[in-house]
2 protein chains.
Amino acid sequence: MSMAEFKGKVKNIQDTPFGYTLSVIGGKWKMVIIYLLAENQPVRFNDLKRQIGVITYKMLSSQLKELEADGMVKRTEYPQIPPKVEYSLTEKVESLLPVLEGLCEWGVKNQNKD
Amino acid sequence: MSMAEFKGKVKNIQDTPFGYTLSVIGGKWKMVIIYLLAENQPVRFNDLKRQIGVITYKMLSSQLKELEADGMVKRTEYPQIPPKVEYSLTEKVESLLPVLEGLCEWGVKNQNKD
DNA sequence: CTGTATCCTAGCCGATACTG
DNA sequence: CAGTATCGGCTAGGATACAG
């Protein structure tokens, strides 16, 4: 067990691989958004909102913005009326998808199993 | 791509596998704690604090309590003076460790790579 | 050594209304 | 359709002091 190159004392959580990964996929919605994009990309804004159900426009918007800033999501705007914007995943996320799959599977197996 | 059995609209984030998994390993410290326990278990309270470095007693204590409540960590108390308490991982975490390894590796590879 | 008890704060997150 | 703006509650997380 090596956990990659995460070694030594923690001075700054943000500097640990875990801290970075959590900053990118943590929070209440990002994993769900990435999952849904992976299943249906490209997806339009309101489609995404409908699929998630309980999220507010504000949260969806802000989370997508952060994911885009972190290079996880690509936003494509079609200048037409009515507006159309499509979201899809970048290559950066590709290597993360199997890991997310693992998190999801672990969640399924261990939820309500205590 | 199936993402296990996570399907349909989200009514309650807590009910999604991602929501559950995040509730268990999310937050600022839990992944780091699990990682350190995996590397050195069993570990005493103050050893853990020293290894993490910047965490406060309160945070370490509360995070360990939550991990214990979630069945991730086993707490063993030795009734002696001075007190001695050892923390180790439960079997429940075993299947999660490779996934955490994946998160860590992804973090190492993608941090500072934008 | 192994924690608690208090107090405090930044910011996550939500509800609602509004806009090009 | 695809968002912003504004207001505010709640709570995760931190500083510090105390305790068995």
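The chains referred to below are lettered A, B, ... by the order of the sequence lines, with proteins before strands, and numbering in each begins at 1.
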With sequence neighbours left out, the residues meeting side chain to side chain donor-acceptor pair (under 3.5 Å) with A:Q51 are A:N40
Answer yes or no: does atom CD of A:E94 have more than 12 heavy-atom neighbours from other residues, nucleotides or ligands under 6.0 Å? yes
Is it the case that the side chain of B:N110 and the backbone of B:W106 share a donor-acceptor pair, with hydrogens and angles ignored and the cut-off at 3.5 Å? yes
State whether the number of non-hydrogen atoms from other residues, nucleotides or ligands found under 6.0 Å of A:E91 atom CD is greater than 12. no
DNA chain C nearest-nucleotide lookup for A:P83 and A:K28: closer to the 5′ end is A:K28
D:dG3 C1' sits how many Å from A:L48 CG, rounded? 13 Å
With A:R75, which residues qualify under side-chain contact (heavy atoms from CB on, under 4.5 Å), at least two apart? A:E68, A:E77, A:V85, A:Y87
Tell me every residue that passes salt bridge (charged side-chain N to carboxylate O under 4.0 Å, His left out) with B:K65, counting only those two or more places apart in sequence or in another chain. none
Could you work out, with side chain to side chain donor-acceptor pair (under 3.5 Å) as the rule, every residue matching A:W29, not counting sequence neighbours? none
Just to be sure I understand the geometry, which residues of residues 73-81 of chain A put a non-hydrogen atom under 4.0 Å away from DNA chain D? A:R75
Any side-chain to backbone donor/acceptor pair from A:K92 onto A:D70? Under 3.5 Å, distance only. yes
Check: protein-nucleotides 4-6 of chain D nitrogen or oxygen pairs below 3.5 Å:
{"residue": "D:dT4", "atom": "OP1", "partner": "A:K65", "partner atom": "NZ", "Å": "2.1"}
{"residue": "D:dT4", "atom": "OP2", "partner": "A:S61", "partner atom": "OG", "Å": "2.9"}

Using a strict 4.0 Å threshold on nitrogen-to-oxygen distance, state whether B:D47 and B:R44 make a salt bridge. no
The helix from C:dC1-D:dG20 to C:dG20-D:dC1: angle between its terminal axes, five pairs each, to 10°? 50°
Between B:E66 (CD) and D:dT11 (P), how many Å, whole number? 13 Å
Touch check for B:K84, heavy atoms < 4.0 angstrom, all strands: base, sugar-phosphate only, or nothing? sugar-phosphate
For A:S62, what residues pass the side-chain contact (heavy atoms from CB on, under 4.5 Å) criterion, not counting sequence neighbours? A:M59
Take atom CD1 of B:I33 and atom C1' of D:dA12, then tell me their distance rounded to the nearest Å. 14 Å
My understanding is that only residues two or more places apart in sequence, or in another chain, count here; which of them pass side-chain contact (heavy atoms from CB on, under 4.5 Å) with A:K58? A:T56
Which is the 5'-most and which the 3'-most nucleotide of DNA chain C that has an atom under 4.0 Å from a heavy atom of chain A? C:dC13 to C:dG20
Residues in side chain to side chain donor-acceptor pair (under 3.5 Å) contact with A:K30, at least two apart in sequence or another chain: A:E66
Using side-chain contact (heavy atoms from CB on, under 4.5 Å) as the criterion, list what pairs up with B:S88, not counting sequence neighbours. B:Q41, B:P42, B:K74
